[in-house]
Protein chains: 2
Amino acid sequence: MTTRVPEPATKRQPLNRDRLLSTAIAIADASGIGALTMRSLAQALDVKPMSLYHHVANKEEILDGIIDVVFGEIELPPADIDWRTAMRRRAVSARQVLARHPWATPLMESRRNPGPVTLGHHDAVIGILRRGGFSIQLTAHAYSMLDAYIYGFALQEAGLPFDNETVPDVAQEMMAEFPTGAYPHLTELAMEHVLQPGYDYGDEFDFGLDLILDSFEALLRSDR
Amino acid sequence: MTTRVPEPATKRQPLNRDRLLSTAIAIADASGIGALTMRSLAQALDVKPMSLYHHVANKEEILDGIIDVVFGEIELPPADIDWRTAMRRRAVSARQVLARHPWATPLMESRRNPGPVTLGHHDAVIGILRRGGFSIQLTAHAYSMLDAYIYGFALQEAGLPFDNETVPDVAQEMMAEFPTGAYPHLTELAMEHVLQPGYDYGDEFDFGLDLILDSFEALLRSDR
DNA sequence: ACCTGAACACCGTTCAAGT
DNA sequence: ACCTGAACACCGTTCAAGT
């Protein structure tokens, strides 16, 4: 004999904004941002499309919202460590987060309504630089440059037509389509670098990051 | 009395791939990539939507095609000038081109079929570095870093919610919505830097670019 | 060879109606 | 307060048919 269960464990949770946004992110992660439609989102939430409009004004607000959630995933180091360690950890974390959500980087461009988490992130990073002794001028330089580098790298990484395992196959396939003798330098770089064992495009990130941090360390010293 | 004109000057040109792509770019420039639909493109070409499919397989091919056209607009300096001048000119030109086509940068991510112009561009840039004395290793570092910076900067610039004239209005409006006391560092940076006369976000580009070029010049010297 | 009309399976969103 | 059915004006694309 079964007991009557007034509230079964599988009972549908009431819809709310947080669940809406995290489900939207899950869809984009799994199937790309193109697969995120009001209809697909509603179905994943076990609800009709029109119900979504009770929690967000429109799809734009969903896109603004998920970008703000993604920003919240980036580690903000404690305020009491030195600026270089803090900037390094934030940059590495940002790259990891953007690699986890490859649809997010290009979306940054069109989003012009930064959410509270995004603004808080920017504020904290600027604060770390200022406390580290950066002038306002130098803070602007450093922040602009670091973010350009991080987003640009993430954009390139998201656009790579291969992951680390399929490098040889994809590279060989692409080069097979080259007209004979065309792109000699590209071919050289592929053969003698990209196709060598142990190659990992991701390793490039640390090189450029440290180069930037070195430069600002030198500038900071000569600044005061 | 009017003469009979068998071929009026306004006669519709026959559709071809080049005209299709350049019209597509004109639409995206004028109204954003979202306004570029098979139907809007057909209308601009004075043709029915289905006619487009005689010149391209689908919309993906149009997107691949216009990205390749945009790449072709980037200046490739002559092979006989020194690497630093060449890299500088290419970077400045790339930024100008991407600023002219703000929809293009985020599109780079999803395009995985580089066209012949794009491949030729990459090949030429790598060639300039190699001839400048860069090892394969250092070439990979430099190219990855320069492109990450260029694309990242273009992405940020495209996402700015203001152009140079409207900076004060937009910044003031945004800050007016901040809860009191929130984002103190962001506010400081805005008040004492962004809102100062003569501020131009674009100026940041040269600073970071020269910093990168300086670093590689030093690395190149110690490398040989 | 090049173009097209009609149709299909999708979109985001509005509106009026249900509980 | 929260959800929904039906409808509207859009998408990209296929197919069969026109010149």
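For the numbers below, each heavy atom of this structure counts, side chains included, while hydrogens, waters and symmetry mates do not.
Using cut-offs of 30° and 60° on the angle between ring planes, the pair His121(B) and Phe71(B) is perpendicular. The aromatic rings of Tyr183(A) and Phe178(A) sit perpendicular, their planes meeting at an angle over 60°, well past the 30° parallel limit.
Checked against the 6.0 Å centroid threshold, Tyr149(B) and Phe205(B) count as a close aromatic pair.
A sub-4.0 Å separation between OP1 or OP2 of dT4(C) and a side-chain N or O of Ser51(B) is present. Close to dC3(C), at under 4.0 Å from its OP1 or OP2, lies a side-chain N or O of His55(B).
In this entry the distance linking NZ of Lys48(A) with C1' of dT19(C) reads 16 Å, nearest Å. The CG atom of Leu52(A) sits 9 Å away from the P atom of dC3(D) (whole-angstrom rounding). Rounded to whole angstrom, the span from the CZ atom of Arg17(B) across to the P atom of dC2(C) amounts to 15 Å. Rounded to whole angstrom, the span from the CG atom of Asn16(A) across to the P atom of dC3(D) amounts to 10 Å. Between the CG atom of Asp46(A) and the P atom of dC2(D) there is a distance of 18 Å, rounded to whole Å.
Side-chain polar atoms of His101(A) and Asp29(A) form a donor-acceptor pair below 3.5 angstrom.
In a base pair of the Watson-Crick type (N1 to N3 plus N6-O4 or O6-N4) or a G-U wobble (N1-O2 and O6-N3), with each distance short of 3.5 Å, dC8(D) is matched with dG12(C). Nucleotide dA1(D) forms a pair with dT19(C), judged by Watson-Crick or G-U wobble geometry with both contacts under 3.5 Å.
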Along nucleotides 8-14 of chain D, 5' to 3', which nucleotides get a B, which get an S, and which get a -, given that the test is a protein heavy-atom distance under 4.0 Å? ---BBBB

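For His54(A) against dC3(D), a side-chain-to-base donor-acceptor contact under 3.5 Å is present.
Looking at Val125(A) and His122(A), their side chains never come closer than 4.5 Å, going by heavy atoms from C-beta outward.
Screening Arg88(B), Arg90(B), Arg89(B) for a salt bridge (charged side-chain N to carboxylate O under 4.0 Å, His left out) involving Glu75(B) leaves a single residue, Arg89(B).
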